[in-house]
Amino acid sequence: MRLVHTIAAAGLLLAIGFAIPRLCATEIPQAERRSGYTFMSPDTKAIQDDDTANPGMLWVLDGEALWKRKNRHGGQGLRRLPRRHQRQHEGLSRRAIPPTTRRSDAPSILNSALISAARKTRRRRRCPYESRDLLALTAFVAQQSRGMPITAGADLQLEPFVAKGRDTFMRRQGQLNLGCTNCHDDNWDKHLAGSAVTQALPTGYPLYRLEWQSLGSLQRRLRNCMTGMRTQLYDYGAPELVELELYLMSRAHDMPIETPAVRP
């Protein structure tokens, strides 16, 4: 069985065109960071750049209608929401929070968890993860800050959670014994099955993937990667996924928000 796994891993590396000595898990220097947009074809870039052609804008418009009709929030502070990780009561389960940390200090990013919890607090039906309504609300709120710098990871109280997310990103796991870093830090700008390997800088989520023919969250993308690595698949909203999202957003600190981005 071990031989089978070794052969499978070797086949994957050859398919990507990786150089084995480069699998050293080194993070990307700040000056070399590149949005996933820069890896896209001219046609894909053109779709993202034109709001009248970008399919993700359909979700943004739906989200605007839902925001005004159901949530009835004021506009104050709306543009700041996607830029930083909010603290909320339903961010992480108690097993991921140190005993000395208050429940309200658990991190949550602007994703399905944040708005789902907000809607539940107002005694409305809680939307399932990846539901049309929840993605639409998330896209609408995030799109308000398009072009503004991401400020995630600046809160010192979130450092333990960022560190946990980094550990998950760096750790070799699954049947292929690979870590996220082996692709996105050590071998970015190569190709896997014809698709560009990017730097895992989530500047455009929720984004529209041509493969999905739909808008999707960062957690959906992470679960896709985990399936490909043949490793443990965490449930939507699991502490491990929230921590990983937080770390990835901290990697993109000061980069502009692109929501809704378009990817292959």
Side-chain angles (χ1 to χ4, degrees), residues 12-19 22 28-65 82-83 110-112 130-150 180-229 245 248-249 251-264:
L12 178 63
L13 294 174
L14 289 173
I16 304 175
F18 284 177
R22 289 191 64 196
I28 300 168
Q30 291 284 99
E32 296 181 21
R33 293 180 306 165
R34 290 172 49 188
S35 162
Y37 174 87
T38 67
F39 296 86
M40 300 300 105
S41 69
D43 288 344
T44 303
K45 290 179 180 178
I47 295 173
Q48 177 174 320
D49 292 343
D50 184 353
D51 281 351
T52 63
N54 185 336
M57 291 302 297
L58 297 174
W59 277 260
V60 172
L61 294 174
D62 286 349
E64 180 179 15
R83 301 175 58 204
L110 182 71
N111 58 7
S112 301
E130 297 304 306
S131 65
R132 173 98 185 187
D133 283 359
L134 205 47
L135 287 170
L137 281 167
T138 310
F140 167 65
V141 176
Q143 194 264 348
Q144 305 309 301
S145 293
R146 187 165 61 177
M148 298 178 69
I150 295 170
C180 307
T181 184
N182 296 139
C183 283
H184 299 292
D185 285 339
D186 299 335
N187 291 282
W188 57 267
D189 212 12
K190 295 184 180 294
H191 288 80
L192 173 60
S195 297
V197 178
T198 66
Q199 296 180 343
L201 298 170
T203 55
Y205 284 89
L207 55 73
Y208 187 92
R209 287 190 68 89
L210 302 177
E211 175 188 354
W212 296 339
Q213 290 291 289
S214 175
L215 204 74
S217 69
L218 178 54
Q219 289 200 12
R220 178 177 178 180
R221 187 69 186 95
L222 293 175
R223 283 164 54 89
N224 282 173
C225 286
M226 290 172 178
T227 298
M229 293 166 63
E245 283 185 290
L248 293 176
M249 291 298 289
R251 284 166 62 99
H253 185 81
D254 278 343
M255 296 183 72
I257 293 172
E258 302 172 31
T259 306
V262 177
R263 298 292 184 263

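Counting heavy atoms from C-beta outward, Ser217 and Leu135 have side chains that approach closer than 4.5 Å. Pro149 has its side chain out of reach of His253: every pair of non-hydrogen atoms, C-beta onward, lies at least 4.5 Å apart. Side-chain contact check for Ile28 versus Arg251: some heavy-atom pair is nearer than 4.5 Å. When side chains are defined from C-beta on, Glu245 does not count as touching Leu248, because their heavy atoms never get closer than 4.5 Å.
Considering only residues two or more places apart in sequence or on other chains, Arg33 meets the salt bridge (Lys or Arg N to Asp or Glu O under 4.0 Å) condition with none of them. With sequence neighbours excluded, the residues satisfying side chain to side chain contact (heavy atoms under 4.5 Å, CB included) with Ser41 are Asp43, Thr44. A search for side chain to side chain contact (heavy atoms under 4.5 Å, CB included) contacts involving Ala46 returns nothing, not counting sequence neighbours. Applying the salt bridge (Lys or Arg N to Asp or Glu O under 4.0 Å) test to Asp49 and every residue at least two apart in sequence or in another chain returns nothing. With sequence neighbours left out, Arg209 forms a salt bridge (Lys or Arg N to Asp or Glu O under 4.0 Å) with Glu211. Remark: Ser214 pairs with no residue by the side chain to side chain donor-acceptor pair (under 3.5 Å) rule, at least two apart or across chains. For Asp189, there are no side chain to side chain donor-acceptor pair (under 3.5 Å) partners two or more places apart in sequence or in a different chain.
The distance from the CG atom of Asp133 to the CD atom of Glu130 is 13.0 Å, given to the nearest 0.5 Å. How far OG1 of Thr181 is from CG of Asp186: 5.0 Å, rounded to the nearest 0.5 Å.
In terms of heavy atoms, Gly36 sits closest to Thr198 at CA-CG2, 4.2 Å. Residues Arg146 and Pro260 approach most closely at NH1-CD, 4.1 Å, considering heavy atoms. Across all non-hydrogen atoms, the minimal contact from Ala252 to Pro202 is CB-CD, 4.3 Å. Between Thr138 and Pro206 the shortest heavy-atom distance is CG2-CD, 3.8 Å. Between Ala261 and Leu207 the shortest heavy-atom distance is O-CB, 3.2 Å. Residue Ile47 comes nearest to Pro55 through the heavy atom pair CG2-CD, 3.8 Å, listed as atom of the first residue, atom of the second, then distance.
Remark: Arg220 is positioned above the aromatic ring of Trp212, its terminal NZ or CZ atom under 6.0 angstrom from the ring centre and at most 45 degrees off the axis.
Judged as a side-chain hydrogen bond (donor to acceptor under 3.5 Å, both in side chains), the pairs with a partner in residues 53-62 (not counting sequence neighbours) are, in order, Asp62-Arg132. Listed by first then second residue, pairs satisfying salt bridge (charged side-chain N to carboxylate O under 4.0 Å, His left out) with a partner in residues 199-208 number zero, not counting sequence neighbours. Residue pairs satisfying the salt bridge (charged side-chain N to carboxylate O under 4.0 Å, His left out) criterion with at least one member in residues 253-264, sequence neighbours excluded, are listed as follows: Glu258-Arg263.
Under a 3.5 Å cut-off, the side chain of Thr259 and the backbone N or O of Tyr205 do form a donor-acceptor pair. For Gln199 (side chain) and Glu32 (main-chain N/O), a donor-acceptor pair under 3.5 Å exists by modelled atom type.
Exactly one residue among Met255, His184, Met249, Arg34 makes a side-chain contact (heavy atoms from CB on, under 4.5 Å) with Leu201. That residue is Met255.
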